Student: 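Quick one: structure below, then a few questions.
As the structure is a prediction and not an experimental result, all values here were calculated from the model.
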Amino acid sequence: MGLLKKIKSSSSVVGGSKWKSKGTLAHSKSVPIPAVSIDKPELHNNIVIQRCFSVATGSFSPQGLISIAPSPISFFASPRSQNTCDESIGSLSDDEMIAHETKQRASGILDAATKFSYQIESAVSPLKEAVISHIHIPTMFIRTADLPMMRQSEHECQSFYEGEESEWQDHFHKSSSRPPLPSIDHDPNECWVAMDDGNGNSAPLAEAAMSALVQTGMDASMDQGMWTANPATVKLLKTGVWDETIFVPFDDRKSVPSPHPKGSKGKNDVLVWSGTFSHQYYGCDLPAIRCEAIVNMSPKALATLLIDSSRVKEYNKMSIGRDDILVLKESENCVTKVVVGKSKPPMLGKILQLKTLLHMQELPGGGEESGYIIVSRAVAHADESEADQDPKVIHSEMLMGVNIIRSVQGEPDRCILINLNHLRSPMIPMMMAKRLGLSAAKFFATTSFRSEVPLPYFSFAEYNIQNPPVSFEDGIKGASFLARNCGSMNDREEVVQKLMKTAFRIDSLSSCLNNMEPNAMLDTSDKGRVMRKYLFHLAFENQNTNDYITEKLWGALSSGTLPVYLGAPNVKDHVPFKGVIFVDDFPSVEALAKYLIKVSNDKKLYESYHSWREEPLPQSFLTKYNMSHTHSKCRTCRWAHARKYGLGWNHNTQSLESVLLPRETCVKANHMASPAVESWWVADPGNHASHKLELKTIGESESLCPFFQDDISRARLENSDMIRSVWSNDGTTDILIEGEAFYSHTLRLAFPLQNHEAPQYIENHTLWIQDNRSRVSLVLSSNAGFTENTEIVTVLSGVFQIHVTPEVLPVRIRIIVENLDTFHEGAIGQPSYYGDMMANDITNHPQLFSIERLSELKQYVSMQESSDRALLQCPPLHMKSVNNGQGSKKRQDI
């Protein structure tokens with residue numbers, strides 16, 4: 001008996017004029033599918049069949065493989081039930097069928113189906129390769145909603161597509177707001193685009209996305225109105241030397257003039273701006289940083305260095321490697337690839353990972369005469385590896401990265417580098433990013449001693465710089481030089497080459513400027529051992545930046561050799577002893593070489609550079625580096641705690657300080673005594689004078705000092721229906737005034753701050769007074785806000801006078817006492833993070849609830865357990881404050 005198996009076109013099997021697989025579509029022509037004939041009567045086990053059964057079904061796996069499996073079969077199917085053979089992949093048919101099937105016969109059918117599906121799978125397997133070649137399952141995706149050109153570029157690409165628009169695949173043929181990964185939240189305003197087809201080739205929209213990313217990167221980098229220069233940059237710009245270089249459009253000229261001649265001190269200028277993107281898409285709440293500097297490399301050499309993953313460690317000492325995981329395009333002047341970069345910052349015990357799309361191309365105009373641009377953006381990768389799930393890895397996102405490399409007129413071996421970084425990272429908490437910008441990223445935790453948490457290379461635990469010196473008799477009368485990076489930003493290679501041409505011996509034992517192979521018994525990875533063979537060591541940094549003093553100096557001092565130092569301009573602030581020879585102290589390289597020869601031949605002079613090793617280290621050095629006894633992680637936590645709670649921070653000792661003014665909440669004899677002395681006054685209409693009113697406590701205790709978290713003091717104003725409540729809240733003191741008032745009263749709050757500046761008003765709810773060390777802020781939330789032109793609050797000699805009129809009730813007052821930030825330039829006139837957070841905690845919510853409405857309030861809380869309880873501004877009785885970790889306070893019933 002002949003049986004025929006046909007592979008039909010369906011939602012899960014290839015056929016017809018299109019290849020389909022769960023939403024995928026290809027541009028290719030149809031592929032003929034052969035009919036497969038199978039004649040196996042022995043499979044039927046002598047069963048006579050008169051109706052159709054689906055014996056097998058087929059489907060595509062995500063990898064494009066075809067699988068065949070037996071279909072479920074009802075053992076007791078009704079002979080009257082309808083079953084159409086054409087609706088299933090595999091069907092059995094015959095002329096007649098016994099009306100009543102037995103369980104044994106049905107079992108035989110199932111056995112036949114199992115064997116039969118094996119025959120089908122064997123017949124279909126030759127089609128696998130053809131099917132797989134027509135399936136597109138992208139693995140790399142980027143966001144494009146913030147790229148203005150993307151919509152137009154997408155439409156242009158779509159005009160070349162084959163097939164019906166209804167069959168276009170999301171992400172692949174058209175952008176989609178649908179997240180490509182389940183772990184990504186859906187944003188209806190976002191657009192996702194696939195960069196690859198799953199087979200290592202570019203997706204149709206990849207080139208359009210790259211063009212839009214490049215254009216947006218160039219526009220943002222050159223948009224002068226977007227950026228605000230930091231104070232140091234403002235000073236540099238006042239000199240005028242950068243006027244013809246910064247923000248110069250690309251179509252004006254192919255190259256730009258150098259602001260500083262080669263060899264001048266200004267060549268090390270680094271200009272820094274911060275700014276925000278005006279779009280409202282992902283990452284718009286985070287600041288971006290723009291930097292500009294001169295680099296002593298040709299545009300081509302610098303572009304090649306930055307795009308070459310194998311050379312990342314040459315310019316990023318924190319890097320532990322970068323791998324290319326997908327290369328979409330690679331030519332001499334255009335590269336598009338996806339990379340995974342990993343680095344290990346010194347302040348973290350974890351690895352920082354960035355999975356990024358990199359694209360390099362020539363600037364408008366093309367070639368060396370114009371320059372290059374490298375853009376980068378985070379990718380969502382469908383194939384997450386085990387490393388992606390590793391809790392020891394911190395995942396960051398490059399929202400927008402731009403490196404514009406412009407050629408310099410008349411100087412082919414130099415270029416101007418414009419760098420833009422827009423980064424989202426758990427390493428930069430949202431509070432710091434918003435308040436400090438990436439000036440915070442620049443100064444938050446770096447080698448700079450202007451950082452809130454400096455990260456110097458030196459620590460007493462790692463380096464014993466008072467080890468015995470190299471013996472004058474045994475040491476080689478020359479200098480060692482160890483460096484792999486020959487692309488420094490301070491021309492150190494030029495200094496080394498000039499020294500090599502003098503009579504003084506220079507042995508370069510590493511890959512940069514190598515002129516000497518070390519002894520076979522000498523392990524060059526042990527730099528200290530290498531340096532101990534020589535009287536001198538060239539401790540040359542790769543850049544001249546204040547406080548950037550690396551192991552090149554500390555390692556040389558620890559080894560016992562005499563360092564010849566080139567690098568940080570303020571190095572003498574860090575090394576206050578005669579133990580280093582400074583290159584900048586000499587008018588020329590020849591003069592330096594002459595002096596080194598002199599020292600190498602004068603034992604007494606040589607040993608004078610080591611006498612400090614047997615003496616106590618200078619107190620200035622011990623003071624500067626005393627903080628290195630405490631690990632940077634601990635210092636970072638302390639600093640963050642001080643910022644969050646408005647505590648003092650001693651930058652020199654890297655430790656917490658107490659708040660200078662009284663801060664704890666205290667009530668004595670019914671009146672608040674701290675942080676301010678409270679008094680109430682009312683005008684006497686008879687004699688136009690004011691007289692003092694008393695408060696009478698509601699409850700048993702007339703005094704609460706200090707307050708604990710659940711404490712609240714309530715008192716009724718004399719001869720009035722107004723009630724005043726006081727409680728403490730995360731270092732602040734809150735006052736609520738409610739009830740009814742038939743005439744005006746005045747609340748006076750006297751602080752021990754006499755010689756203060758004029759009050760400053762912030763928006764319509766906050767004002768502060770401050771001296772040179774402390775600040776007291778008053779925040780009001782009421783039916784009527786206040787401004788500088790209203791008279792709700794007046795200040796005189798440390799006394800706030802709040803004029804409480806019937807129309808402003810109820811009114812809530814928050815008192816914020818904090819030390820001033822005297823470390824950051826300009827911070828004294830700006831709101832602090834703590835002050836801003838505690839002010840917003842009151843003013844960002846529209847509703848005030850009376851304590852006397854306790855039952856109503858509790859009912860509201862029980863009904864709104866899943867809502868934001870920060871709306872409940874007044875703390876009812878038996879309620880406590882809960883910090884949700886983001887600054888706002890939630891109230892929860894106890």
Student: Could you verify whether a donor N or O on one side chain and an acceptor N or O on the other, from Q353 and S396, lie under 3.5 Å apart?
Tutor: no
Student: Hey, does the side chain of S451 reach the backbone of T447 with a donor-acceptor pair shorter than 3.5 angstrom?
Tutor: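 No; judged by distance alone, with no hydrogens or angles, the pair does not exist.
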Student: Between D413 and S298, do the side chains contain a donor N or O and an acceptor N or O under 3.5 Å apart?
Tutor: no
Student: When you compare the side chains of Q543 and S488, does any donor N or O come within less than 3.5 Å of an acceptor on the partner?
Tutor: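 Result is no, nothing qualifies.
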Student: Report the residue from L354, T356, L358 that forms a side-chain contact (heavy atoms from CB on, under 4.5 Å) with R322.
Tutor: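 Of the listed options, the one satisfying the test is L358.
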Student: Tell me if a side-chain donor or acceptor on D491 pairs with a main-chain N or O of E494 at a distance below 3.5 Å.
Tutor: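 Answer holds: no.
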Student: With T336, which of Q361, H359, K329 fulfils side-chain hydrogen bond (donor to acceptor under 3.5 Å, both in side chains)?
Tutor: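 Of the listed residues Q361, H359, K329, the side-chain hydrogen bond (donor to acceptor under 3.5 Å, both in side chains) partner of T336 is H359.
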Student: Under 3.5 Å, is there a donor on one side chain and an acceptor on the other for E362 and N333?
Tutor: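 Yes, side-chain donor-acceptor contact under 3.5 Å.
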Student: One thing to verify: whether R290 and E292 come together as a salt bridge, which I'm taking to mean a side-chain N less than 4.0 angstrom from a carboxylate O.
Tutor: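 Here E292 pairs with R290 in a salt bridge, since their nearest N and O are under 4.0 Å apart.
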Student: Just by modelled atom types, is the C512 backbone N or O under 3.5 Å from a matching donor or acceptor in the S508 side chain?
Tutor: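 Answer holds: yes.
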Student: Can you confirm whether the side chains of S202 and E207 place a donor and an acceptor under 3.5 Å from each other?
Tutor: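 No - no donor-acceptor pair under 3.5 Å links their side chains.
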Student: Closer than 3.5 angstrom, by distance alone: can the side chain of T144 be matched with the main-chain N or O of L147 as a donor-acceptor pair?
Tutor: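 No, T144 side chain to L147 backbone: no donor-acceptor pair under 3.5 Å.
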Student: Does the side chain of N485 come under 3.5 Å of the side chain of K313 through a donor N or O and an acceptor N or O?
Tutor: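 Per modelled atom types, N485 and K313 side chains form no pair under 3.5 Å.
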Student: Any luck finding a side-chain donor-acceptor pair between D219 and T216 under 3.5 Å?
Tutor: no
Student: Between Y282 and R143, is there a cation-pi geometry (under 6.0 Å to ring centre, at most 45° from the normal)?
Tutor: yes
Student: On the ring face of Y372, is R406 found with NZ or CZ under 6.0 Å from the centre and within 45° of the axis?
Tutor: no
